[in-house]
Amino acid sequence: MDPQESFQQRIWHIVAAIPQGKVATYGDIARLAGSPRAARQVGGVLRRLPQGTQLPWHRVINRHGAISLQGDDLLRQRDALAAEGIEISDDGRIALEQYRWRP
DNA sequence: TGAATGACAAATT
DNA sequence: TAATTTGCCATTC
């Protein structure tokens with residue numbers, strides 16, 4: 001990975017590369033960014049994104065295929081994913097084997 | 001400069 | 001198998 005870029009910039013680039021209709025886990029992104037143990041920081045970066053961002057942050061979910069957000073944000077992400085053709089089971093989880101992004 | 005924080009993940013119970 | 005606890009580490013206060 002490019003060491004000149006800050007950690008959060010690498011996260012931005014990786015998340016931006018997730019294709020529509022696919023999802024990635026926080027752990028995956030952390031690994032692609034060169035810090036396999038920094039999954040938590042991935043969430044930290046996405047949390048501080050500006051409102052008008054173009055980043056497809058809604059395509060990032062946790063290892064259980066579930067959305068980690070809560071409240072209104074949870075509903076918004078759920079809708080955004082459904083709009084891309086991603087189906088969510090009744091318990092609020094996604095079939096990772098089917099929708100997971102494999103670069 | 002150092003302590004606290006957290007959109008996770010793996011190990012333990 | 002599911003729930004709880006522990007470790008992680010870049011960013012924020």
Side-chain angles (χ1 to χ4, degrees):
Chain A
M1 290 307 180
D2 193 342
Q4 292 186 332
E5 288 186 330
S6 70
F7 196 79
Q8 79 172 9
Q9 277 182 322
R10 289 202 294 271
I11 301 302
W12 290 344
H13 291 156
I14 293 167
V15 172
I18 303 174
Q20 189 180 61
K22 293 291 181 181
V23 297
T25 68
Y26 296 98
D28 285 341
I29 293 171
R31 190 150 37 78
L32 292 171
S35 297
R37 310 289 163 178
R40 230 172 157 175
Q41 281 52 253
V42 175
V45 169
L46 296 182
R47 183 178 194 273
R48 303 175 190 58
L49 285 174
Q51 273 193 339
T53 185
Q54 312 167 15
L55 234 62
W57 56 269
H58 53 271
R59 295 176 190 149
V60 184
I61 58 181
N62 64 29
R63 196 178 180 286
H64 297 88
I67 297 173
S68 294
L69 287 169
Q70 296 180 4
D72 293 338
D73 289 330
L74 168 55
L75 297 178
R76 264 189 251 114
Q77 182 170 5
R78 203 175 169 297
D79 290 342
L81 291 173
E84 294 187 352
I86 297 174
E87 298 189 12
I88 303 173
S89 58
D90 294 332
D91 61 347
R93 305 218 258 144
I94 294 168
L96 281 174
E97 303 80 17
Q98 183 178 358
Y99 295 108
R100 188 170 187 173
W101 175 47
R102 322 223 159 119

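In the text below, chain A, chain B and the rest are named by the order of the sequence lines, each starting its count at 1.
The residue A:G27 sits close only to the backbone: its heavy atoms come under 4.0 Å of sugar-phosphate atoms, none of a base.
In terms of the side chain to side chain contact (heavy atoms under 4.5 Å, CB included) criterion, residue partners of A:P19 (sequence neighbours excluded) are, by chain and number, A:K22, A:W101. Every residue meeting the side chain to side chain contact (heavy atoms under 4.5 Å, CB included) condition with A:H64, not counting sequence neighbours, appears here in chain and number order: A:N62, A:R93.
We find that CG of A:L96 is positioned 15 Å from P of B:dC8, with the value rounded to whole Å. Note: CZ (A:R47) to C1' (B:dA7) measures 8 Å, nearest angstrom. Straight-line distance from the NE2 atom of A:H64 to the C1' atom of C:dA3: 10 Å, rounded to whole Å. Per the geometry, CD1 belonging to A:I61 stands 17 Å off P belonging to B:dA7, to the nearest Å. Rounding to whole angstrom units, CZ of residue A:R63 and P of B:dA9 are separated by 8 Å.
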Bracket string, DNA chain C, 5' to 3' - pairs by Watson-Crick or G-U geometry under 3.5 Å, | interstrand: .||||||.|||||

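When all heavy atoms of A:V15 and A:P56 are compared, the closest pair comes out as O-CG, 3.3 Å. The two residues A:S35 and A:F7 come nearest to each other via the heavy atoms OG-CE1, 3.1 Å. When all heavy atoms of A:A33 and A:I11 are compared, the closest pair comes out as CB-CD1, 3.8 Å. Of all heavy-atom pairs spanning A:S68 and A:Y26, the tightest one is OG-CE1, 3.8 Å. Residues A:A39 and A:A30 approach most closely at N-CB, 3.6 Å, considering heavy atoms. For the pair A:L55 and A:A16, the tightest heavy-atom approach, listed with the atom from each and the gap, is CD1-CB, 3.9 Å.
Classification of A:R76 and A:D73 as a salt-bridged pair holds, one side-chain N sitting under 4.0 Å from a carboxylate O.
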Please list each protein N or O that sits under 3.5 Å from an N or O in nucleotides 11-13 of chain B, with the distance.
none

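Residue pairs meeting the salt bridge (charged side-chain N to carboxylate O under 4.0 Å, His left out) criterion with at least one member in residues 53-66 of chain A, sequence neighbours excluded, are A:R59-A:E84.
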Going 5' to 3' through nucleotides 5-13 of chain C and flagging B where a protein heavy-atom sits under 4.0 Å of the base, S where only the sugar-phosphate is that close, and - otherwise, we get --BBBBSS-

May I have the step-by-step check of side chain to side chain contact (heavy atoms under 4.5 Å, CB included) for A:I29 and A:I18, ending in yes or no? CA-CA 10 Å; A:I29 293 171; A:I18 303 174; 4.3 Å; yes

